[in-house]
Trainee: 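The structure under discussion is supplied below as structure tokens; questions concerning it will follow.
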Amino acid sequence: MAVYQNFQTLRLDYLSIYSSPFHSRKPRLLKSSLAEVKTTLVSLQKETPLKPKTTSKQRPFPVTYLINSCGLSLESAIAVSEKVQFQSPEKPDLVLALLRNYGFSKTQISNLIRKRPLLLLAHPENILLPKLEFFRSIGLSSSELARTLSSDPTLLARSLENQISPTYEFLKSVLLSDEKIVSALKRTTWIFLEDPSKSLIPNTAYLKESGVPQNCVSLLLTHFPEAMMQKHESFCETVREVKEMGFEPRKSTFVLAVHALSGKGNKSIWDKCFEVYKRWGWSKDDILSAFRKHPHSMMLSEKKIMKSMDYFVNEMGWPSRAIAECPVVLFFSLEKRIIPRCSVFQILLSKGLIKEDFSLTTVLLPVEKRFLERFVSRYQEDVPELLSVYQGKVKSQGF
């Protein structure tokens with residue numbers, strides 16, 4: 001509440017200084033005041049008046065304005081002009097100036113106006129400025145703010161007092177920091193668009209009732225907020241399903257499994273992964289065991305699974321089911337990590353410098369510094385080209 005109260009104080013101070021709606025001094029986060037921008041715009045218009053393109057039939061003013069000032073195509077301008085009517089550039093000019101001062105590019109402004117035409121006529125100081133200031137005050141940078149709002153400008157159409165601020169207060173009570181709130185917002189704007197009492201609040205409560213600790217609830221809400229916004233009945237069903245699979249609610253893998261099974265899209269991916277792993281000879285128990293160890297192993301693409309499994313099994317000769325015991329290796333980059341390390345391993349093995357009983361995890365899990373010390377630097381005198389092989393500069397087939 002402290003952030004919001006400070007913001008309201010700042011806003012009231014800001015508005016009380018000026019006698020007219022559009023003549024304002026420079027707010028804290030603006031590069032120049034709206035009044036200065038307006039003066040500049042008027043001056044520029046006198047010096048270089050707009051010269052709208054003409055056809056045999058003069059275009060309506062809104063269409064010309066949307067093309068010349070907002071960067072819309074003729075087709076888009078005609079469509080938008082049917083939703084927003086104006087005959088003067090004064091208010092739209094101030095809206096565009098405000099957006100530019102907050103870091104919006106021409107393309108971002110075009111996207112915003114095309115998606116939410118009525119924002120072009122919104123009161124800059126009373127409607128738009130408070131929301132822009134609010135999101136900047138909780139930690140969104142200029143570029144993040146412009147990117148987020150141009151992607152989904154619906155946020156600017158929501159009430160600050162009745163929707164945005166109450167949602168913020170609830171998120172702060174769970175996530176405890178603005179940094180995590182911003183992370184959640186960047187993943188989905190819907191977290192601020194939907195009434196939190198519909199799904200967010202009851203789903204959070206149900207997780208806690210199920211024995212999920214605060215830090216794990218925070219993990220799910222920060223990184224996968226869309227999972228927390230499922231309909232309450234569906235969300236509860238998913239949580240119960242995860243429990244039945246043997247996950248421990250006090251561990252982070254529990255909420256990661258909830259994410260993997262949340263929504264029709266994720267469940268469809270889960271089913272697809274199940275079938276792909278079965279093709280590689282994994283049993284149902286193997287698949288569920290891998291899922292419990294690394295829940296997101298059931299969210300990989302078929303292409304990623306097939307390429308990695310093909311290399312491990314057909315190139316390296318490792319048993320398919322050995323991968324189920326350490327599914328994290330499926331997440332590593334084939335080109336940047338798996339092939340370079342396995343190439344070094346094969347050379348050392350062929351020269352009898354290491355034993356064949358080295359495990360998959362011993363080769364692939366260590367951080368790069370540890371791997372280089374253990375498998376490259378140690379054998380540099382025996383195999384001088386080993387580092388070049390690891391770096392991909394020399395092919396391993398010649399050894």
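These numbers come from the heavy atoms of this one structure, side chains and all, not from hydrogens, waters or symmetry mates.
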Trainee: Out of V174, V255, L207, I201, which residue meets the side chain to side chain contact (heavy atoms under 4.5 Å, CB included) rule with M228?
Mentor: L207
Trainee: Kindly work out whether a path of hydrophobic side-chain contacts (I/L/V/M/F/W/Y, heavy atoms less than 4.5 Å apart) joins M306 to V313.
Mentor: yes
Trainee: What's the shortest heavy-atom distance between P62 and F86, and which atoms?
Mentor: CG-O, 3.2 Å
Trainee: Test H259 against H223 for ring-ring contact (aromatic ring centres under 6.0 Å, His included), laying out the working first.
Mentor: CA-CA 10 Å; H259 170 237; H223 297 286; over 10 Å; no
Trainee: What heavy-atom pair brings I338 and V329 nearest, and what distance separates the two atoms?
Mentor: CD1-O, 3.8 Å
Trainee: Indicate the atoms forming the closest heavy-atom contact of C273 with M299, along with that distance.
Mentor: SG-N, 3.9 Å
Trainee: Quick one: do E368 and R341 make a salt bridge, cutoff under 4.0 Å?
Mentor: no
Trainee: Is any side-chain heavy atom of Y379 closer than 4.5 Å to a side-chain heavy atom of K351?
Mentor: no
Trainee: Report yes if the side chains of F254 and V239 come closer than 4.5 Å at any heavy-atom pair, otherwise no.
Mentor: yes
Trainee: From F135 CZ over to L160 CG, what is the distance, rounded to the nearest 0.5 angstrom?
Mentor: 8.0 Å
Trainee: If you look at every heavy atom in P124 and L94, which pair is closest and at what distance?
Mentor: CG-CB, 3.9 Å
Trainee: Are F192 and Y168 an aromatic pair by the rule of ring centers under 6.0 Å?
Mentor: no
Trainee: Do F331 and H294 have ring centroids that are under 6.0 Å from one another?
Mentor: yes
Trainee: Give the minimum heavy-atom separation between R321 and S283, together with the two atoms involved.
Mentor: NH2-OG, 4.4 Å
Trainee: Rounded to the nearest 0.5 Å, what's the gap from OG1 on T189 to CD on E194? Could you check?
Mentor: 11.5 Å
Trainee: Please check if any side-chain donor atom of S141 sits under 3.5 Å from a side-chain acceptor atom of E144, or the reverse.
Mentor: yes
Trainee: Between atom CE of M316 and atom CD1 of I339, what is the distance when rounded to the nearest 0.5 Å?
Mentor: 10.5 Å
